[in-house]
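Whatever order the structure lists ligands and atoms in, that order sets their numbers, starting from 1.
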Amino acid sequence: MLKKHNIRNLIVFLIFISCVKKEETEKKAIERPNILFIMSDDHAYQAISAYSDKLIKTPNIDRLSDEGILFTNACVANSICAPSRATILTGKHTHINGKIDNRMPFDTTQVTFPQLFQNAGYTTAMYGKLHFGNKPKGVDDFMILPGQGHYINPEFITPEGDTTIIGYVTDIITDLTINWLDKKRDKEKPFMMMYLHKAPHRAWWPNPEKFKEFSQQTFPEPATLFDNYNNRGSAAKTAELNISDQLLSYDNKVYPQAIVDIGLKNDDPRNKKYFETADFSRLKANQKAMYKPILDSIAQDFKKRWPSMSDKEKMSWQYQRYIQDYLACISSIDDNVGRVLDYLDDSGLAENTIVIYTSDQGFYLGEHGWFDKRFIYNESFKIPLLIRWPNQITAGITNDEMVQNLDFAQTFLEAAQIEIPKDMQGESLISLLKGDTSQWDRESVYYHYYEYPGPHMVKRHYGIVTKKFKLVHFYHDIDEWELYDRKNDPQEMKNVYYNPAYANAVTELHKKLDELRLKYKDSSEFDRKVTNLYDNNK
Ligand code: SGN
Ligand code: CA
């Protein structure tokens, strides 16, 4: 028999044990790292000074790799906005998650990684551009742009309904993010926050100050600006990405009237429409007044110089206008990333927060004469990836393994000690973050792009990429293979698929490509499904 005082002691002991346990659980909950996932829309790695300082200095984004890790071979599985986001959220290739292009719906019954964070006791939020027509799952709070969203005075979808905020989108998304971190989140829990910029997506509207500053500068042209697409298959020739053929005067911020004034036909209705109903038309009178002097001087320069320019000079002029606005948008992103990083420092959150900076795909900044993305070729295939995790990642390291946006979900889940669903198709990057490359045995990645016919007319293609080679099959209404020697031809100007010197590489890569298609469960049966979907949704 237990004596009365023994019973009392036992109760005190049990209470003590349960308190210690509770404390431990709480401590673990607090110790789990916060995650701040920063993604921009169409941010080319060529426009981040941690990768190259030829075009622009991005001191704030660079902080992440100065204090963390820089991946030099990070890439997407499908270089287009909504499919890339679907891959990031599900950890699955397009043919598994079903989001084949920007147009077709996303199956919202699928598990996305924010839901797993929410279930595991994280507080979660998403601010900015998602690009799916539906409300995000797994987030306690969200404010997302409908579709592509607007640069100026953007609307937001929120749990309480739609709202419009006056101002410049990059600043606004940042204000909302900092406000959530500071005032709205549940501070008892670790957080997983998705801070998603609309910029620098077409049509590249900077804020007035940056517009003025950058429109007065001249930037170096890429070596392949005047590419004639020889020595490759037909896909590069038929794509509608060329700056001189495809950029509208609207993209270059030339008033429709300026075109008429020099006796040219302003025959693309989009030029007028975009000035009258898209971004520019959204401006309030005082905002228009800030843009006017810059637009006036662009029109003046255009009217003075365009009529006597050669075709080459016209291309150079359009390239400058394009890159000036693109980089001006990046400069705002960099300032705003700096504001968020400062907030993390000032609030003491930096220490236990993993910060990731990336883009939904790469982008052509005049390479091959192009803008836009979609191709498996380097500039659209590769993405910036910079990650900071104090005390876990050695500051200033670089990694050149073939990593993909397919790996993000698993990486974040492992960092947060959340169980990873067996059907996710990527691999956690945690060992690489910690500088251990010994367990990493991936030698190649798989890629598959579908949105054709569609904007910019890039043919459907899939392929395998290793550090040395890229083997690509363009199919659907063509049947062409291309092979690039990544070491000897980094600009990808020469298809060596038919060069006998590469016969062994071709055989080997075909075998590996078949293996990858099996591993990731891709098949021509799915390609036929896509064709049927396109035929039924014309
Ligand atoms: C719009 C753009 C295209 C761009 C797609 C997809 N045209 O259609 O240039 O490729 O979005 O971009 S625009 O005239 O409307 O600007 S994505 O990043 O959302 O995939
Ligand atoms: Ca995009």
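Taking every non-hydrogen atom of I80 and a distance limit under 4.0 Å, the qualifying atoms of ligand 1 come out as 20 (O). Listed by atom number, the atoms of ligand 1 under 4.0 Å from R374 heavy atoms are 4 (C), 5 (C), 6 (C), 10 (O). Near Q361, meaning under 4.0 Å from any of its heavy atoms, are these atoms of ligand 1: 18 (O). Atoms of ligand 1 found under 4.0 Å from any heavy atom of C81 (numbered from 1 in listed order, with element): 17 (S), 18 (O), 19 (O), 20 (O). Within the listing of ligand 1, atoms 19 (O) sit less than 4.0 angstrom from a heavy atom of K129. Listed by number with element, the atoms of ligand 1 under 4.0 angstrom from any heavy atom of D41 are 18 (O). Interface atoms of ligand 1 facing H131, defined by a heavy-atom separation under 4.0 Å, are 19 (O).
Without hydrogens or angle criteria, D360 side chain to S84 main chain gives no donor-acceptor distance under 3.5 Å.
Of the options F280, Y151, Y326, a ring pair (Phe, Tyr, Trp, His ring centres under 6.0 Å) to W205 is made by F280 and by none of the others. With E451 as reference, I80 is the one residue of V458, I80, N78, V530 to meet the side-chain contact (heavy atoms from CB on, under 4.5 Å) rule.
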inquiry  = Applying ring pair (Phe, Tyr, Trp, His ring centres under 6.0 Å) to Y450 and H476, what does each step give before you reach the verdict?
reply    = CA-CA 9 Å; Y450 300 88; H476 184 56; over 10 Å; no
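Remark: K459 fails to qualify as a cation-pi partner of Y475 under the 6.0 Å distance and 45° angle criteria applied to the six-membered ring. Remark: R460 qualifies as a cation-pi partner of Y534 under the 6.0 Å distance and 45° angle criteria applied to the six-membered ring. Geometric assessment of K312 against the ring of F226 yields a positive cation-pi assignment under the 6.0 Å and 45° thresholds. A cation-pi arrangement is present between R517 and Y462 under the rule of less than 6.0 angstrom and at most 45 degrees off the ring axis.
Protein heavy atom nearest atom 9 (O) of ligand 1, with residue, atom name and distance: H456 NE2, 2.6 Å. Here the protein heavy atom with the shortest distance to atom 4 (C) of ligand 1 is D372 OD1, 3.4 Å.
Contacts of D251 with ligand 1, taken as heavy-atom pairs under 4.0 Å, are absent altogether. Counting heavy atoms under 4.0 Å from ligand 1, residue L248 does not touch it at all.
Annotation: the span from S79 atom OG to Y447 atom OH amounts to 4.5 Å, rounded to 0.5 Å.
Protein heavy atoms come within 4.0 Å of atom 7 (N) of ligand 1.
The number of protein N/O/S atoms found under 3.0 Å from the Ca ion (ligand 2) is 5.
Contact annotation: the side chain of T170 never approaches that of N207 to less than 4.5 Å [non-hydrogen atoms, C-beta and beyond].
The list of salt bridge (charged side-chain N to carboxylate O under 4.0 Å, His left out) pairs with a residue in residues 145-154, not counting sequence neighbours, is empty.
Between Y377 and W370, the angle of the ring planes stays under 30°, which puts this pair in the parallel group of the 30/60° scheme. Using a 30° and 60° split on the angle between ring planes, F132 and F106 fall in the parallel class, below 30°.
Residue contacts with ligand 1: R103 is excluded, as none of its non-hydrogen atoms falls under 4.0 Å. Heavy atoms of K373 approach ligand 1 to within less than 4.0 angstrom.
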